[in-house]
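Inspection log for the structure reproduced underneath, given as structure tokens.
Predicted, not measured: the structure shown is a model, and the values here were computed from it.
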Amino acid sequence: MTAERLLRPLPGLCVLALILGGLEAAVDAGLIRRALLPPPSAIAPVLWDMLASGAVLPPLLATLRLVFAGFFIGSAIGVAAGLAMGWFPPVFRLLEPVVELLRPIPKAALVPALMLFLGIGETMKITSVALAVLFPVLVNTLQGVRGVDRVMLDAARTHGWGRAHTLLHLVLPAALPFILAGMRISLGLALVLAVLAEMLAGQGGLGFLILDMQRSFLVRQMYAWLVILAVLGLALNALFLLVERRALHWQPALRP
Amino acid sequence: MDFLELDAVTKEYPNRSGPPARVMDQVSLSVRQGEFMAVLGPSGCGKSTLLQMAAGLLPVSDGTVRIAGRRIIAPPPEAVYVFQQYTRSLLPWRNVRDNVGFAIEHRLGRRRAREVAEAQLDQVGLEGFGDHFPWQLSGGMQQRVAIARALAAEPAMLLMDEPFSAVDALTRLDLQALILEIWARRRLTVLLVTHDVDEAITLADRIAVLTRRPARMAEMVEVGLPRPRDAVATREAPQFLALRRRLLDRLLLRHDG
């Protein structure tokens, strides 16, 4: 059982190793120019230096802070608006046109406009991330609220639950699987927008560094930061799955 | 004294083409305080619709529903509805204790609700199951949780919608015995919808027989079997068998139209 669990990721890891080995060989053979893509063996020491010296921490924390702040603000607004729109029909009629108009805009396109209003500081970056996070969470919350079983709602009514109590203690937990699915989509978007905002208006953070290294012809450093960004994305997703599993332990698919 | 009164209750649903579809036509009945009444009818005749209107969960198209003399337009505190689909009416994210506390937490608060819930679980034979989740229990046990939840609200009346139709035959007998015992001990008024003739005769004082759609009152039958009854032994009484024959004949005849 344990051995099986340990062996399961092995084929995938082999493919990864094969790609890295292939790149190494391709660069060595002169198929790829070193200036464009240094071999993995040249990037690894740079990466190691960054990790060992602790130089990786300040930019990583800057980006992480941006992602978390934007993610929580955007999620909170998305859940609140989704619940209100799903549960109170007048609110839905009030907000639906605005939501439908803003939703299809790629939020990256709004960053220049936000810079006009909010400058190039943290406020603008957090707002960009929050905007990207808001809509998938809102739409999923709305869908979750509408999907609450009528029998369950009738059970609340026959026991005399009020609208507010029902919203908080029945509709919200019943919609939670949808809400969390929306938040998982948004987490990826949060990272995209954080990196983009840092590239456009950065004084630090992973996005700024990746662009800065490329402009300074520090190609190995650029790839090293890229690896760190990839690992960050992977870690955030794993963390979220963990939280999701705990929150939804009662779901059929997650039962022990 | 009549506790629940339905007076010429009619239910229609709007129809896109043509006149509205009438599913219930001028049904009148009254359930006395402390009485156990069953509503019997062919499936799809609108028995559940009747019960939902009695519970204030569904508006009537015409006629009136009264509970304890008051006209019902929203779910009244005196009557609690027990659903056929326990898998959909229990909250899957709550353990058994908090599912029972559901009935009263908005009035008493979570902590007090848990204490009451624990006491209710003892009464339906689920002591020690408070920490379990609904999906860890059998169907019969889940329906016991639903019954405990309804009882926790201390209603004067239970409105039961085919509560035992989704469990196996042995469990059904078990739950019927439980409901007989609770009804007698708590002096409840019960209106129970069923398509199971045996169940109706075993449990009820009177049986309201409905016609096929649109549902009308076909007959009000006095059961007359002595109490206390037994979910098994009562079914051997000659009176039981005669009534069973009469009701089945009537229902099957109507069924073929």
Study note, to complete from the structure: So, the part of A/Asp149 with a heavy atom under 4.5 Å from chain B: the answer is side chain

Review point. In terms of ring plane angle, is the pair B/His106 and A/His165 parallel, tilted or perpendicular, where the classes change at 30° and 60°?
Key: tilted

Check your understanding: At what distance, to the nearest 0.5 angstrom, does CG of A/Leu176 lie from CH2 of B/Trp93?
Key -> 9.0 Å

Review point. Nearest heavy-atom pair of B/Ser89 and A/Ala155: which atoms, and what distance?
Key: O-CB, 4.0 Å

Point to revise | Heavy atoms of other groups near B/Arg185 CZ, more than 12 under 6.0 Å | key: yes

Check your understanding: In terms of heavy-atom proximity below 4.5 Å to chain A, should B/Phe102 be classed as side chain, backbone, both, or neither?
Key -> both

**Study point:** chain A contact residues among residues 144-165 of chain B, heavy-atom distance under 4.5 Å
**Key:** B/Arg149, B/Ala150, B/Ala153

Review point. CG of A/Leu102: more than 12 outside heavy atoms within 6.0 angstrom?
Key: yes

Exercise for review: Measure the CD-CH2 distance between A/Gln251 and B/Trp135 for me, rounded to the nearest 0.5 Å.
Suggested key: 11.5 Å

Check your understanding: Does CZ in B/Arg71 sit with more than 12 non-hydrogen atoms of other residues, nucleotides or ligands closer than 6.0 Å?
Key -> no

Review point. Which atoms of A/Leu170 come close to chain B, meaning under 4.5 Å heavy atom to heavy atom: side chain ones, backbone ones, both, or neither?
Key: both

Exercise for review: Heavy-atom distances under 4.5 Å only: say whether B/Pro92 touches chain A with side chain, backbone, both or neither.
Suggested key: both

Study note, to complete from the structure: Cut-off 4.5 Å, heavy atoms of chain B, and the answer for A/Ala247 is neither

Check your understanding: Should the heavy atoms of other residues, nucleotides or ligands under 6.0 Å from CZ of A/Arg245 be counted, would the total exceed 12?
Key -> no

Check your understanding: Taking every heavy-atom pair that is under 4.5 Å apart, which of B/Gln136, B/Gln85, B/Glu105 has the most such pairs with chain A?
Key -> B/Glu105

Check your understanding: Short question: side chain of A/Arg157, backbone of B/Pro75 - any donor-acceptor pair under 3.5 Å?
Key -> no

**Study point:** Taking every non-hydrogen atom, the tightest pair across A/Thr158 and B/Leu57
**Key:** N-CD2, 4.1 Å

Check your understanding: With a 4.5 angstrom heavy-atom cut-off, which part of B/Tyr81 approaches chain A: side chain, backbone, both or neither?
Key -> both

Point to revise | Closest contact, heavy atoms only, B/Arg88 versus A/Val151 | key: NH2-CG2, 3.3 Å

Exercise for review: Give a yes or no on whether B/Arg114 atom CZ has more than 12 heavy-atom contacts from other residues, nucleotides or ligands under 6.0 Å away.
Suggested key: yes

